[in-house]
Amino acid sequence: MFDPALIRSLTGTPMRVRCAVLPSLLSPTASVPAAEGWAALHVTLHNAGSAGHGEATLPPTMDAYGPAVLRDQLADARDGLERMISPAELSGLLPPGPLRSALDSALWDLLAKRSGAHAWELLGMPPPRPVPAIRTVPLVAPDLLEDELRAGAGFASLKLKLGAGDVADDITRLTAVRRLRPDAWLMTDADGTWDVDRLHTMLPILQAHDVRLLEQPLPQAQSGALATLRRPFPIITDLAYGAGGDLGRLGAHYDGINLKLDAVGGLTAALGILEQAGQRGLVVLLGSPPATALSCAAALHAAPGADYVGLPRWLRAPGHRTPGPRGLDGLEGEGGTLVPPSPSVWG
């Protein structure tokens, strides 16, 4: 994946690690107001006159990744981090999660600046290319759904959230999508809210609406029911935060995964999981929590190995610029396409 000898040659002096939690505002979609309580974890690594930056998202409802927990994790790992010379060493210092993800991103950014090469060159990968992105249609009230669909008119692919109400409510949402966007490639996500009976009821309905992919229909505790379930399209699971990606176990029940860098511990871990998924024939959706431009820039380096890429909602942190109609430093393009970041953003 990358040249260990080159990586060792770039960091011969101790590193200084700086972390800051930046309260952030979740950007609105067409019908969903901006939400507070989110934060961006910003990491800066200083080494030999250069500085690398990385960010991850701290959701408001995940106490396991709150600032106090992250401070303890950083304190326990600080000695090892300051002597670290390779992103591969992070897995031995920190568990998967946002802190490891932000550190991993900052380290690749630092290595790119130290070497004068792009991050993709250090990773031994082709340069990132523009990729079509899937826009999520959230669980808004039925009378607001049309506004959401119109806002996503430039996206060829949509991810429709289901499960807020009963089966009739799911059908109403599906019907609205197909009335306004009969052309869209469509996947659905139930966020584990269905039971087995509802899944059996919904499968032919989803097929009739030309749904191509279904994410997390059941709670994980009921996923065993999927092992023998006949389905007309792939069913994928969202890799949990802190999970290392046990694809052998997941592959017995699911046809693929939703892979988020913050969940598995960063770009280095994600690239390894992508390779394993390809060997097992698993579908991969490269997803993201709401994200800053900096964290999304790192994630896009994993896009070439994914089958699908989801567009995150944006986080606005103090001092950050946010993507406008024509994007941020080449991050978000027009027509539902994410384009590679410029080196001024990351890598």
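Excluded from the calculations below are hydrogen atoms, water molecules and symmetry mates; all remaining heavy atoms, backbone and side chain alike, are included.
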Heavy-atom distance under 4.5 Å between the side chains of F155 and T337, does that happen here?
no
Approximate separation, where rounding is to 0.5 Å, of L259 CG and D307 CG
11.0 Å
Please check if any side-chain donor atom of T268 sits under 3.5 Å from a side-chain acceptor atom of W108, or the reverse.
yes
Starting at CZ of R135, measure out to CZ of R313 and round the result to the nearest 0.5 Å.
9.0 Å
When you check the side-chain N and O atoms of T172 and T175, is any donor under 3.5 Å from an acceptor?
no
Common cluster, V69/L81, ILVMFWY with side-chain heavy-atom separation under 4.5 Å:
no
Do L186 and L174 come within less than 4.5 Å of each other through their side chains, counting heavy atoms only?
yes
Is I257 close to L250 at the side-chain level, that is, under 4.5 Å between some pair of heavy atoms?
yes
side-chain contact (heavy atoms from CB on, under 4.5 Å) between W346 and L300, intermediate numbers included
CA-CA 11 Å; W346 185 84; L300 279 174; over 6 Å; no
Tell me whether E89 is salt-bridged to R83, with the criterion being a basic N under 4.0 Å from an acidic carboxylate O.
no
Check: G272 main-chain N/O paired with E275 side-chain donor or acceptor under 3.5 Å
no
Is V264 close to I273 at the side-chain level, that is, under 4.5 Å between some pair of heavy atoms?
yes
With a 4.5 Å cut-off on side-chain heavy-atom distances among I, L, V, M, F, W and Y, is there a chain of contacts connecting V17 to L111?
yes
The complete set of salt bridge (charged side-chain N to carboxylate O under 4.0 Å, His left out) pairs with one or both residues in residues 255-264, sequence neighbours excluded, reads R231-D255, D238-K260
Could you tell me if the side chain of P138 sits less than 4.5 Å from the side chain of T29, heavy atoms only?
yes
Exam field: side chain E146 to backbone E148, donor-acceptor pair closer than 3.5 Å:
no
Hey, quick one: are L25 and L315 part of the same hydrophobic cluster, counting side-chain heavy atoms closer than 4.5 Å, chains of contacts allowed?
no
In chain order, what residues pass the side chain to side chain contact (heavy atoms under 4.5 Å, CB included) check against A153, with sequence neighbours excluded?
none
Compare every heavy atom of D189 with every heavy atom of K161, then report the nearest pair and how far apart it is.
NZ-OD2, 2.9 Å
For W38, side chain to side chain donor-acceptor pair (under 3.5 Å) partners two or more places apart
none
Do E215 and T237 pair up side chain to side chain, a donor and an acceptor below 3.5 Å, judged on atom types alone?
no
Evaluate the side-chain proximity of T57 to L41: yes if any heavy-atom separation is below 4.5 Å, no if none is.
no
Going by chain and number, the hydrophobic cluster around L285 (ILVMFWY, side chain to side chain under 4.5 Å) further includes I134, W185, M187, L213, I236, V283, Y308
Among L160, L144, V137, find the one that has a side-chain contact (heavy atoms from CB on, under 4.5 Å) with L149.
V137
R71 side chain to G66 backbone, donor-acceptor under 3.5 Å:
no
Quick one: does any side-chain atom of S24 pair with a main-chain N or O of L22 as donor and acceptor, under 3.5 Å?
yes
How close do L274 and G305 get, counting heavy atoms only, and between which atoms?
CD2-O, 3.4 Å
Heavy-atom closest contact (P87 atom, L107 atom, distance)
N-CD2, 3.4 Å
I'd like to check the side chain to side chain donor-acceptor pair (under 3.5 Å) partners of S157; sequence neighbours left out, ordered by chain and number.
none
If hydrophobic clusters are built from ILVMFWY residues whose side chains come within less than 4.5 Å, do L206 and L139 share one?
no
Apply side chain to side chain contact (heavy atoms under 4.5 Å, CB included) to A64 and list each qualifying residue two or more places apart in sequence or on a separate chain.
none
Looking only at non-hydrogen atoms, find the nearest pair between A112 and L122 and report the distance.
N-CD1, 3.6 Å
With rounding to the nearest 0.5 Å, note down the distance linking NE2 in H253 to OG1 in T228.
9.5 Å
The criterion is ring pair (Phe, Tyr, Trp, His ring centres under 6.0 Å); which residues satisfy it with Y254, sequence neighbours excluded?
none
Run the numbers on L94 and Q73 for side-chain contact (heavy atoms from CB on, under 4.5 Å), then give the verdict.
CA-CA 7 Å; L94 288 161; Q73 286 185 353; 4.0 Å; yes
Would you check if M202 and P217 make a side-chain contact, meaning some heavy-atom pair closer than 4.5 Å?
no
Worked verdict on V21 versus L58 for side-chain contact (heavy atoms from CB on, under 4.5 Å)
CA-CA 9 Å; V21 175; L58 303 180; 4.0 Å; yes
With a 3.5 Å cut-off and no angle check, do the side chains of S105 and E55 form a donor-acceptor pair?
no
Just by modelled atom types, is the Q207 backbone N or O under 3.5 Å from a matching donor or acceptor in the R212 side chain?
no
Set of side chain to side chain donor-acceptor pair (under 3.5 Å) partners for D195, sequence neighbours left out
none
Please check if the number of heavy atoms outside E36 that lie under 6.0 Å from its CD is greater than 12.
no
Which distance, rounded to the nearest 0.5 Å, do you find between the CG of L286 and the CG of L261?
6.5 Å
How would you list all residue pairs meeting ring pair (Phe, Tyr, Trp, His ring centres under 6.0 Å) that involve residues 70-103, not counting sequence neighbours?
none
Specify the closest pair of heavy atoms between R100 and S91, including all atoms of both residues, with the distance to one decimal.
NH1-CA, 3.7 Å
When you check the gap from the basic side-chain N to the acidic O, do R78 and D76 get nearer than 4.0 Å?
no
What pairs with H53 under side chain to side chain contact (heavy atoms under 4.5 Å, CB included), at least two apart in sequence or on another chain?
H42, T44, A51, D109, K113, L294
Can you see which heavy atom on L90 is nearest to which on L103, and at what distance?
CD1-C, 4.1 Å
Compute whether any side-chain donor of one residue and acceptor of the other, for N47 and R16, lie under 3.5 angstrom apart.
no
Taking side chain to side chain donor-acceptor pair (under 3.5 Å) as the test, write out the residues that go with D169, two or more places apart.
R173
Validation row: I205, D170 side chains within 4.5 angstrom (heavy atoms):
no
Main chain of P98, side chain of S101: is a donor-acceptor contact present, judged purely on distance under 3.5 Å?
no
The residue among P28, C296, P290 that forms side-chain contact (heavy atoms from CB on, under 4.5 Å) with W314 is C296
Taken in chain and number order and not counting sequence neighbours, the residues that satisfy side chain to side chain contact (heavy atoms under 4.5 Å, CB included) with P128 are W120, H301, P340
With no hydrogens and no angle check, is any side-chain donor or acceptor of D166 less than 3.5 Å from a backbone partner on A168?
yes
Look only at the side chain of T201 and the backbone of D197, and say whether a donor-acceptor pair between them is shorter than 3.5 Å.
yes
If you apply the rule side-chain contact (heavy atoms from CB on, under 4.5 Å), what do you find for C19 with L99, and how did you get there?
CA-CA 9 Å; C19 292; L99 178 57; 4.2 Å; yes
